[in-house]
*Asks:* 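Below is one structure. I have some questions about it.
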Amino acid sequence: MGRCKMGLCFSDKLRMNRGAPPPDVVTAFMAYTEGGNHMTSGQLCRFLIEAQGETEVLVSDAEKIIERVTCVRHHITKFLRHTLNLDDFFGFLFSDDLNHPIVSKVHQDMNSPLSHYFIYTSHNSYLTGNQINSECSDVPLIKALKRGVRALELDLWPNSTKDDILVLHGWAWTPPVELIKCLISIKDHAFSASAYPVILTLEDHLTPDLQAKAAEMMKETFKDMVYFPESGGLKEFPSPEDLKYRVVISTKPPKGNLEKEKDSESDASGKASSSDVSADQTEEETSEAKNEEDGFDQESNNLDLLTYSRMILIPSGNARNGLKEALTIDNGGVRRLSLREQKFKKATEIYGTEVMKFTQKNLLRIYPKATRVTSSNYKPFSGWMYGTQMVAFNMQGYGRALWMMHGMFKANGGCGYVKKPDFMMNKGPDGEVFDPKGKLPVKTTLKVKVYMGKGWDSGFQQTCFNTWSSPNFYTRVGITGVRCDELMKKTKKEDNTWEPLWDEEFEFQLTVPELALLRVEVHDYNMPEKDDFCGQTCLPVAELRQGVRSVALYDRKGERLVAVTLLMRFQFV
């Protein structure tokens, strides 16, 4: 959580504001109580409708809020209190449980084909750390599912005796985990955070008999959860609603015989020399290109593979014969195309329109380049801007890119499926589609006011500090999205206080608010050393609730900082 810490020995310079509400809060309280000292449920209801934009709220809802607030703040006299005083009202506004900043439930149409949604997707989902020698485990799978991730990747390899299946990162030194252990953990946690389908993308290095064994394992483990598509291929993908509580398989259809890959230098355990992972065009990348992106073969006639073939709802393929051919719309069926991040960048530079048209019907998956051996990530908007549904991320690769991923999938109740904007699915009279690099008009202006923050004194490690280490907080706030919308600003720093009051407002003109994220970071100014990180969050702009809202902050890994909260206001004009 950085070096910002609570002090037990306070310096003379330290100021503790201790909960004084900002002027706007006092003004609102006085306006809705008509100058009185207590706010009734009717007055609170009016405030929620007029100032907070909550059109569906009733007086009975306001009564429940008052009951919950007084229960916490006045537990001894709670049965005697049916109104809020100024401090109660301020406490309500600062409660992220009662006054959260975004829509908290699934509210989008879930009946469109899978290709109409951004899907929360992880890369090498079984790795605990770096891409070279970290342990393979079912634990990252469980963590991802609990966070709401809906698409997991498993790399399947034969064991040394070729009679069982391991999950590991090939051409590296990652200690493997048994496939059956991963499948059981997926079954147990698949729908702990969302009822919508879990997609298993399989990078398959198996012989035909082991492919058949994998199919049996999945059938036995998932039972009725596994989805068997109707034979004959799909003209259109099912919807998330159609696939509720189902596990969906995506991989290349198997061949009758597994051909030995002439570029492969690994043994059955996936070991290789260090030169295999030293360059961008590594054996790992070659393997992903061959196995994730290997064309679309017809279903094998081998009866041992029939079940395995029938399980595949989403067949995968690649750009082996060139990007233009790979992006050609196949009217005979739908599929998934996988591209590493560099090839995807090339595709958007040369065939941007074709990429957008492809993603209107088919699934596109991007995965990190092989040189990201530390499990770092690329900027996800490079994919989302072109309708890419499956922007695959290293979920253990903490940093701003992953914070953006977390932020995007807070949308739509955190269910892991976010509906793409309608303009990304439409075509003009001459076949024209949305161009994210084109000159776009401003659709709306978002006003963001950063009032104050609190919770660092209880949320961070307690140590004694001196006059040189007391906190000087400032907030960075801005937009990430399409290029012309990106902008970061920051507040002044508030010196020597654990409860900074900034009370500053910023404006952001947005051309594509549907794809924008509001980024918020708090830092402790620490000249001449590097400023200390003190919390962050990313929020989908399209989901922001107007008015004064409580905004919870998270650590570098995306875990909630228990007590650290900002008070902010959002307004669209």
Side-chain angles (χ1 to χ4, degrees), residues 121-145 147 149 151-186 189 200-207 210-211 213-214 217 250-251 258 261 263-293 338 340-341 365-378 392-399 401-402 557:
T121 304
S122 67
H123 171 252
N124 288 348
S125 310
Y126 48 85
L127 285 181
T128 57
N130 67 62
Q131 303 286 309
I132 302 300
N133 61 2
S134 67
E135 184 179 356
C136 301
S137 170
D138 63 327
V139 173
L141 300 170
I142 296 170
K143 286 183 178 178
L145 291 168
R147 184 174 280 281
V149 172
L152 303 173
E153 181 186 29
L154 299 177
D155 292 7
L156 308 185
W157 293 82
N159 65 357
S160 58
T161 56
K162 296 182 172 54
D163 62 354
D164 204 358
I165 305 166
L166 301 176
V167 174
L168 62 100
H169 192 203
W171 293 282
W173 296 271
T174 55
V177 60
E178 292 181 345
L179 172 61
I180 189 63
K181 186 174 184 180
C182 294
L183 296 180
I184 291 171
S185 292
I186 291 169
H189 300 277
L200 293 187
T201 61
L202 305 179
E203 185 182 325
D204 175 0
H205 302 262
L206 303 176
T207 56
L210 288 180
Q211 288 176 334
K213 184 170 183 174
M217 281 187 186
S250 178
T251 187
L258 186 73
E261 295 175 7
D263 291 328
S264 172
E265 297 179 3
S266 72
D267 60 22
S269 298
K271 305 299 183 185
S273 66
S274 59
S275 63
D276 293 327
V277 291
S278 61
D280 196 43
Q281 295 295 329
T282 58
E283 292 297 339
E284 176 211 4
E285 220 167 5
T286 302
S287 171
E288 288 214 48
K290 281 180 170 293
N291 292 278
E292 276 275 314
E293 310 173 351
S338 284
R340 62 181 176 269
E341 61 176 283
R365 179 179 180 269
I366 314 171
Y367 58 90
K369 59 187 177 183
T371 51
R372 295 187 181 276
V373 294
T374 61
S375 295
S376 63
N377 289 300
Y378 50 97
F393 256 39
N394 295 311
M395 301 305 291
Q396 73 280 29
Y398 307 118
L402 189 60
K557 295 183 178 181

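Position 1 is the first residue of the sequence, and the numbers go up from there.
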*Asks:* OG1/Thr371 to CZ/Arg340 distance, rounded to the nearest 0.5 angstrom?
*Replies:* 10.5 Å
*Asks:* Taking the side chain as every heavy atom from C-beta outward, state whether Asn394 and Leu127 have any pair of such atoms under 4.5 Å apart.
*Replies:* no
*Asks:* Could you walk me through whether Ser125 and Glu153 pass the side chain to side chain donor-acceptor pair (under 3.5 Å) check?
*Replies:* CA-CA 5 Å; Ser125 310; Glu153 181 186 29; 5.6 Å; no
*Asks:* Using 30° and 60° as the class boundaries, would you call the ring planes of Tyr367 and His123 parallel, tilted or perpendicular?
*Replies:*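 Taking His123 first and then Tyr367, their aromatic rings lie parallel (interplane angle under 30°).
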*Asks:* Under 4.5 Å between any side-chain heavy atoms of Leu166 and Glu178, yes or no?
*Replies:*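 Yes, side chains in contact.
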*Asks:* So, for Val177 and Ser137, which heavy atoms are closest and what is the spacing to 0.1 Å?
*Replies:* CG1-N, 3.9 Å
*Asks:* If you compare all heavy atoms of Ala214 against all heavy atoms of Leu179, which two are closest, and at what distance to 0.1 Å?
*Replies:*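 That closest heavy-atom pairing would be CB-CD2, 4.3 Å.
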*Asks:* When you measure from the side chain of Asn377 to the backbone of Leu402, do you find a donor-acceptor pair of N or O atoms at a distance under 3.5 Å?
*Replies:* no
*Asks:* Can you tell if the side chain of Tyr126 reaches within under 4.5 Å of the side chain of Asp155, non-hydrogen atoms only?
*Replies:* yes
*Asks:* Could you give the distance from OG1 (Thr174) to CD (Glu135), rounded to the nearest 0.5 Å?
*Replies:* 10.0 Å
*Asks:* Please tell me if the side chains of Leu156 and Val167 come closer than 4.5 Å, counting only heavy atoms from C-beta onward.
*Replies:*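 Touching, per the 4.5 Å side-chain cut-off.
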*Asks:* If you round to the nearest 0.5 Å, how far is CH2 of Trp157 from CD1 of Ile165?
*Replies:*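 Those atoms lie 13.5 Å apart.
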*Asks:* Could you pull out the closest heavy-atom pair between Lys162 and Asn159, with the gap in Å?
*Replies:* N-OD1, 2.7 Å
*Asks:* Side chains of Lys369 and Tyr378: closer than 4.5 Å at any heavy-atom pair?
*Replies:*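 A side-chain contact under 4.5 Å is absent here.
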*Asks:* With side-chain contact (heavy atoms from CB on, under 4.5 Å) as the test, would you mind laying out the steps for Val139 and Thr128 before giving the verdict?
*Replies:* CA-CA 8 Å; Val139 173; Thr128 57; 5.5 Å; no
*Asks:* Search all heavy atoms of Ala172 against all heavy atoms of Gln131 and return the closest pair with its distance.
*Replies:*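 Heavy-atom minimum between the residues: CB-O, 3.7 Å.
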*Asks:* Can you label the angle between the Trp171 ring and the His205 ring as parallel, tilted or perpendicular, going by 30° and 60°?
*Replies:* perpendicular
*Asks:* Check Leu168 against Pro176 and note the closest heavy-atom contact, atom names and distance.
*Replies:*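 Distance-wise, the nearest heavy atoms are CD2-CB, 3.6 Å.
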*Asks:* Quick one, Thr121 and Thr201 - any side-chain contact, counting heavy atoms below 4.5 Å?
*Replies:* no
*Asks:* Side chains of Leu152 and Leu145: does their closest heavy-atom pair fall under 4.5 Å?
*Replies:* yes
*Asks:* Walk me through it: do Lys213 and Asp164 pass the test salt bridge (Lys or Arg N to Asp or Glu O under 4.0 Å)?
*Replies:* CA-CA 8 Å; Lys213 184 170 183 174; Asp164 204 358; 3.7 Å; yes
*Asks:* Taking side chain to side chain contact (heavy atoms under 4.5 Å, CB included) as the criterion, tell me which of Leu154, Leu200, Asp204 meets it with Thr251.
*Replies:* Asp204
*Asks:* How far does SG of Cys182 sit from CG of Leu141, to the nearest 0.5 angstrom?
*Replies:* 5.0 Å
*Asks:* Test Glu203 against His169 for side-chain contact (heavy atoms from CB on, under 4.5 Å), laying out the working first.
*Replies:* CA-CA 10 Å; Glu203 185 182 325; His169 192 203; over 6 Å; no
*Asks:* Which heavy-atom pair separates Ser134 from Asn130 by the least distance, and what is that distance?
*Replies:* OG-O, 2.5 Å
*Asks:* I want to check something: taking the side chain as every heavy atom from C-beta on, are His189 and Lys143 in contact at a cut-off of under 4.5 Å?
*Replies:*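 They are not in side-chain contact.
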*Asks:* How long is the span from the CZ atom in Arg147 to the CE atom in Met395, to the nearest 0.5 Å?
*Replies:* 6.0 Å
*Asks:* Looking at Gly129, is its backbone amide N or carbonyl O close enough to the side chain of Gln396 to form a donor-acceptor pair, meaning the two atoms are under 3.5 Å apart?
*Replies:*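 Side chain of Gln396 to backbone of Gly129: a pair is present.
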